[in-house]
Amino acid sequence: MSDSKKLHLTAFMRPVSLHTGAWRFPGAYPDANFNLAHLKSFIRKLEAAKFDAFFMADHLAVLNMPVEALKRSHTVTSFEPFTLLSALSVVTDRIGLAATASTTYDEPYHIARRFASLDHLSNGRAAWNIVTTANPESSKNFSRDEHMAHSDRYKRAREFYDVVTGLWDSFADDAFVRDQETGIYVDPDKLHVLNHEGHDLKVRGPLNIARPVQGWPVIVQAGQSEPGRQLAAETAEAVFCSPRDLESAKALYADIKGRAVAAGRNPDHIKILPAALIIIADTVGGAKAKRLKLDSLVHYDSAIASLSVMLGTDASGFDPDGPLPTDLPETNASKTSRAGVLKLAEEEKLTVRQLAQRFGGYAGLAFIGTPETVAGELGTWLAEGGADGFTVTFPFLPQGLDDVTERLVPELQRRGLFRRDYEGTTLREHLGLPRPKNRFF
């Protein structure tokens, strides 16, 4: 199989698991999100398995959920991404280091400087996940009473990208001559002052850091709304997304790649990497049993609220250990969400309790099975144009991560679906992305 048809795998590591019950699973580290020793162990295992990148989401406020749910959440605390990734850069050599940074609640000069620094510290392994910040509670931590409107956030994000990448191009690659004989440290002819004045931003520049090792850190974008897809098509080199199934993934894949072509870009230079929970066991039944055990650790009081939202009706009065009622009232809730609940209840014969705990734990895309069955499914998504790879989220740690790195990855390698070793040193080389030319030199 050619390199172009090999999977790319990134690890979603902030939080270390998206599943609400992960920290309670037998043998799991309950403090995994906030324990440097554990995180160092995780990233070393991921690098040994040749993962493309270690990916950190971020939040600028405690999640806006009821306190009864919040008190059970393992996502309340986590390290600030740049601090942690800088520390992890010195205990690894090849794996990429991706961090989320907001275009709504930060300034371009800050973002450009931090990512340039991380790229130099890691010898070319940094990636910026561009987000506009969805949580409206974030505004209250940044001297604002109201969250910026959705369309305004994306308009600012597009200009923000132009400013940050322009700042990264402040110096030519060979600007720093450091000639001790002549006493010339930097060639002033190879310095560009940006002088950006736009609709939302005014930034003079230049950046006070040499051009990043990768030219620009890899650009990641997470968002599936109309403006999110367009921003991805124009700017992203990797897209973190959450399709429900293969058919919706293929439609999303084709849409974003098509938009990229319309924007004058090479579609091969944008990698679509859906988030996917992966649970591995010796048998498919054993993997499904792990999933049920994991879901059972989600507290029912929190879980039933999530199910009520999905159904658009109060489910708290349903028999927890009986099937979902067939005479649900009509509502104005999302018909797609409701249909998804009904389909899952029928396919897996889940009780109301199990359904609630599924949606209260993690209801996104999941691959549950043996190394062989999961490898086959991932290969199908790659072959049929549903993904270029996956952003893997683990059910619990360390065992869930070990199952993927020690059992699934070797099976993918045996099938020719995943690299056996890194062929380059930078994240761009891992992803098969070109190094951007400096727009000013």
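What you see below is based on every heavy atom in this structure, not just the backbone, and it leaves out hydrogens, waters and symmetry mates.
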Looking at [atom1] of [X] and [atom2] of [Y], how far apart are the two atoms once the value is rounded to the nearest 0.5 Å?
| X | Y | atom1 | atom2 | value |
| --- | --- | --- | --- | --- |
| Leu382 | His8 | CG | NE2 | 9.0 Å |
| Leu401 | Tyr29 | CG | OH | 10.5 Å |
| Ile272 | Thr391 | CD1 | OG1 | 10.5 Å |
| Trp381 | Leu7 | CH2 | CG | 12.0 Å |
| Leu397 | His38 | CG | NE2 | 10.0 Å |
| Leu84 | Leu36 | CG | CG | 6.5 Å |

Donor-acceptor pair, distance only, cut-off 3.5 Å: does the side chain of [X] make one with the backbone of [Y]?
| X | Y | value |
| --- | --- | --- |
| Arg24 | Leu297 | yes |
| Arg435 | Val213 | yes |
| His74 | Ala32 | no |
| Gln354 | Leu292 | no |
| Thr20 | Val298 | no |
| Asp31 | Phe34 | no |
| Glu47 | Arg94 | yes |
| Thr393 | Leu277 | no |
| Gln214 | Arg428 | yes |
| Arg211 | Asp169 | no |

(request) Can you run down the side-chain hydrogen bond (donor to acceptor under 3.5 Å, both in side chains) pairs that involve residues 319-328, sequence neighbours left out, and say none if there aren't any? (result) Asp321-Arg353

Between [X] and [Y], how do the two ring planes meet: parallel, tilted or perpendicular, split at 30° and 60°?
| X | Y | value |
| --- | --- | --- |
| Phe367 | Phe390 | perpendicular |
| Phe51 | Phe418 | perpendicular |
| Phe160 | Trp128 | tilted |
| Phe115 | Trp168 | perpendicular |

(request) Please determine which of Thr133, Asp58, Asn129 meets the side-chain hydrogen bond (donor to acceptor under 3.5 Å, both in side chains) test together with Ser102. (result) Thr133

(message) Consider side-chain contact (heavy atoms from CB on, under 4.5 Å). Of Val239, Asp388, Leu252, which one does Lys257 pass it with?
(response) Asp388

(message) Is any side-chain heavy atom of Glu346 closer than 4.5 Å to one of Leu342?
(response) no

(message) Could you tell me if the side chain of Leu350 sits less than 4.5 Å from the side chain of Arg358, heavy atoms only?
(response) yes

(message) Between Glu226 and Arg259, is the salt bridge (Lys or Arg N to Asp or Glu O under 4.0 Å) condition met? List the steps.
(response) CA-CA 11 Å; Glu226 172 64 27; Arg259 291 174 190 242; 2.9 Å; yes

Polar contact flag, side-chain donor to acceptor under 3.5 angstrom, [X]-[Y]:
| X | Y | answer |
| --- | --- | --- |
| Thr132 | Arg156 | no |
| His430 | Asp52 | no |
| Thr92 | Arg125 | yes |
| Gln221 | Thr235 | no |

Which atom pair, heavy atoms only, marks the closest approach of [X] to [Y]?
| X | Y | result |
| --- | --- | --- |
| Ala98 | Leu85 | O-CD1, 3.6 Å |
| Ile368 | Val374 | C-CG2, 4.1 Å |
| Leu121 | Ser86 | CD1-OG, 4.0 Å |

(request) Using a strict cut-off of less than 4.0 Å between a Lys/Arg side-chain nitrogen and an Asp/Glu carboxylate oxygen, indicate whether Glu348 and Lys288 qualify as a salt bridge. (result) no

(message) Is the distance from the ring center of Phe394 to that of Phe42 below 6.0 Å?
(response) no

(request) For Arg113, look at atom CZ and say whether over 12 heavy atoms of other residues, nucleotides or ligands are found less than 6.0 Å away. (result) no

(message) Enumerate the salt bridge (charged side-chain N to carboxylate O under 4.0 Å, His left out) contacts for residues 266-282, please, sequence neighbours excluded, ordered by first and then second residue.
(response) Asp282-Arg407

(message) Please evaluate residues Arg415 and Glu372 with respect to the criterion side chain to side chain contact (heavy atoms under 4.5 Å, CB included), reporting the C-alpha separation (whole Å), side-chain torsions for both, the decisive distance (0.1 Å), and the verdict.
(response) CA-CA 10 Å; Arg415 296 175 182 227; Glu372 294 76 18; 3.7 Å; yes

